[in-house]
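Counting from 1, the numbers follow the sequence of the chain as shown.
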Amino acid sequence: MNQGFDWDAAGDVLPLLLEGFRVTLLATVLGTLVAAVLGLAIAVAARAPSRWVTAPVKAVMEFVRATPLLVQLVGAAALFTSVEPLTIGIVVLGIHYATYTSEVYRAGIDGVPKGQWEACRALSLPPRRTWQAVILPQAIRNVLPALGNYAISMFKETPFLAVIMVQEMVFEARKYGADHFAYTEAFTLAGLVFLVASYPTSLLMRKLEKRLGH
């Protein structure tokens, strides 16, 4: 057992953690893109007039929300054994968070004044033009801080990817700790990296929220 904090071990593990951080950041960025695009598609599909569209969408959303992310990752890895674990992790993270970002989009769309919809109808704008030119620009602008907060949450949940052998930062910390009996140093530094990366981003999202609120 280590007595106190071993700075030599900390120096050894830091490059490994930074390499793992690169994977963590990649998974977060791509997962957020998937969640943002898919969440918007779900939000629009949920407003479709046909129950043949809305019912399956809502059923899938409820299923994803009702099952833990960890179970979804393990299940997807077991089903798609020929797919790279990182790819599985990105897709699963994206789908999982898309069910939540869709609600953010829904709130943003509902927040667009009814007069905007009425003006589009009065001008005989086609539905596609109405969504692209009028509704979505206003809705997305209003929900950017909330989407940013979900991106931060996804970043902090990337350690779950270790269960499907994605070599992200916590995976590297655990591996180094097991090999060198230096868990304290490895996980302390991993926690600090998470803090340094996420805290300033949280402050930025708060500032953006206040700015858009005005």
Side-chain angles (χ1 to χ4, degrees), residues 9-42 56-57 59-105 146-202:
D12 289 340
V13 73
L14 184 58
L16 299 174
L17 295 181
L18 293 179
E19 178 61 25
F21 177 75
R22 184 187 64 82
V23 178
T24 295
L25 193 59
L26 178 64
T28 302
V29 172
L30 296 183
T32 299
L33 288 175
V34 172
V37 174
L38 184 58
L40 179 58
I42 293 172
V57 169
V60 172
M61 286 176 59
E62 290 302 321
F63 173 79
V64 173
R65 289 179 185 174
T67 54
L69 175 59
L70 188 62
V71 173
Q72 294 168 14
L73 287 168
V74 173
L79 287 174
F80 303 102
T81 55
S82 61
V83 180
E84 287 290 329
L86 179 58
T87 301
I88 292 175
I90 290 169
V91 173
V92 171
L93 280 172
I95 293 174
H96 183 84
Y97 273 89
T99 62
Y100 296 98
T101 59
S102 66
E103 288 300 305
V104 173
Y105 283 121
L147 293 178
N149 289 331
Y150 274 119
I152 295 170
S153 296
M154 184 186 296
F155 172 69
K156 292 187 291 186
E157 289 198 339
T158 52
F160 283 128
L161 301 183
V163 302
I164 58 172
M165 304 306 292
V166 174
Q167 297 180 5
E168 46 73 57
M169 188 161 52
V170 171
F171 177 94
E172 295 290 356
R174 185 177 62 181
K175 184 175 183 298
Y176 183 89
D179 292 342
H180 299 85
F181 302 99
Y183 288 101
T184 299
E185 293 75 16
F187 281 100
T188 297
L189 286 181
L192 288 175
V193 173
F194 271 110
L195 178 63
V196 169
S198 62
Y199 184 65
T201 309
S202 298

Undergrad: If we ignore angles and hydrogens, is there a donor and acceptor under 3.5 Å between the side chains of Glu185 and Tyr176?
TA: no
Undergrad: Just how far is it from atom NZ of Lys175 to atom CZ of Phe171, taken to the nearest 0.5 Å?
TA: 7.0 Å
Undergrad: Just verifying a value: how many Å separate Leu93 CG and Leu161 CG, rounded to the nearest 0.5 Å?
TA: 5.0 Å
Undergrad: How close do Val92 and Ala76 get, heavy atom to heavy atom, and via which atoms?
TA: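 Closest heavy-atom pair between Val92 and Ala76: CG2-CB, 3.7 Å.
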Undergrad: With a 6.0 Å cut-off on ring centres, are Phe194 and Phe155 close enough?
TA: yes
Undergrad: Kindly give the heavy-atom pair with the smallest separation between Thr101 and Gly39, and that separation in Å.
TA: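 That would be OG1-CA, 3.5 Å.
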Undergrad: At their closest point, which heavy atom of Ala186 faces which heavy atom of Ala173, and how far apart are they?
TA: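 For Ala186 and Ala173, the tightest heavy-atom pair comes out as CB-O, 3.4 Å.
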Undergrad: Do Val193 and Met169 have side chains that approach each other closer than 4.5 Å (heavy atoms only, starting at C-beta)?
TA: yes
Undergrad: How long is the span from the CG atom in Leu17 to the CZ atom in Phe187, to the nearest 0.5 Å?
TA: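 Interatomic distance, Leu17 CG to Phe187 CZ, rounded to 0.5 Å: 9.5 Å.
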Undergrad: Have a look at Thr67 and tell me which of His96, Glu62, Gln72 forms a side-chain contact (heavy atoms from CB on, under 4.5 Å) with it.
TA: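 Of the listed residues His96, Glu62, Gln72, the side-chain contact (heavy atoms from CB on, under 4.5 Å) partner of Thr67 is Gln72.
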Undergrad: Does Thr32 use its side chain to pair, donor to acceptor, with the backbone of Ala151 at less than 3.5 Å?
TA: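 Answer holds: no.
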Undergrad: Can you tell if the side chain of Arg22 reaches within under 4.5 Å of the side chain of Glu19, non-hydrogen atoms only?
TA: yes
Undergrad: Looking at every heavy atom in both Leu69 and Glu157, which two are closest together, and how far apart are they?
TA: CD2-OE1, 3.3 Å
Undergrad: Which heavy atom of Ile42 sits nearest to which heavy atom of Ser102, and what is that distance?
TA: CG2-CB, 3.7 Å
Undergrad: Roughly how far, to the nearest 0.5 Å, is the CD1 atom of Ile90 from the CD1 atom of Ile95?
TA: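 Spacing of CD1 (Ile95) from CD1 (Ile90) equals 12.0 Å.
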Undergrad: Test side chain to side chain contact (heavy atoms under 4.5 Å, CB included) on Ser153 and Tyr97; report intermediate values, then the result.
TA: CA-CA 9 Å; Ser153 296; Tyr97 273 89; 3.6 Å; yes
Undergrad: How long is the straight-line distance from CD1 of Ile152 back to OG of Ser198, given to the nearest 0.5 Å?
TA: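 Spacing of OG (Ser198) from CD1 (Ile152) equals 7.0 Å.
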Undergrad: What distance separates Met154 CE from Phe160 CZ, expressed to the nearest 0.5 Å?
TA: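 The CE atom of Met154 sits 13.0 Å away from the CZ atom of Phe160.
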Undergrad: May I ask you to check if Arg174 and Tyr183 form a cation-pi contact, with NZ or CZ under 6.0 angstrom from the six-membered ring centre and within 45° of the axis?
TA: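 No.
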Undergrad: So does Ala36 get a backbone contact from the side chain of Tyr105, meaning a donor-acceptor N/O pair under 3.5 Å?
TA: yes
Undergrad: Just wondering, do Leu70 and Val163 contact through their side chains at under 4.5 Å, heavy atoms?
TA: yes
Undergrad: Quick one: which of Thr24, Leu86, Leu26, Thr28 gives a side-chain contact (heavy atoms from CB on, under 4.5 Å) with Glu168?
TA: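 The option that passes is Thr24.
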Undergrad: Indicate yes or no for a side-chain donor-acceptor contact from Thr81 to the backbone of Ala77 under 3.5 Å, with no hydrogens or angles considered.
TA: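 Checked: no pair found.
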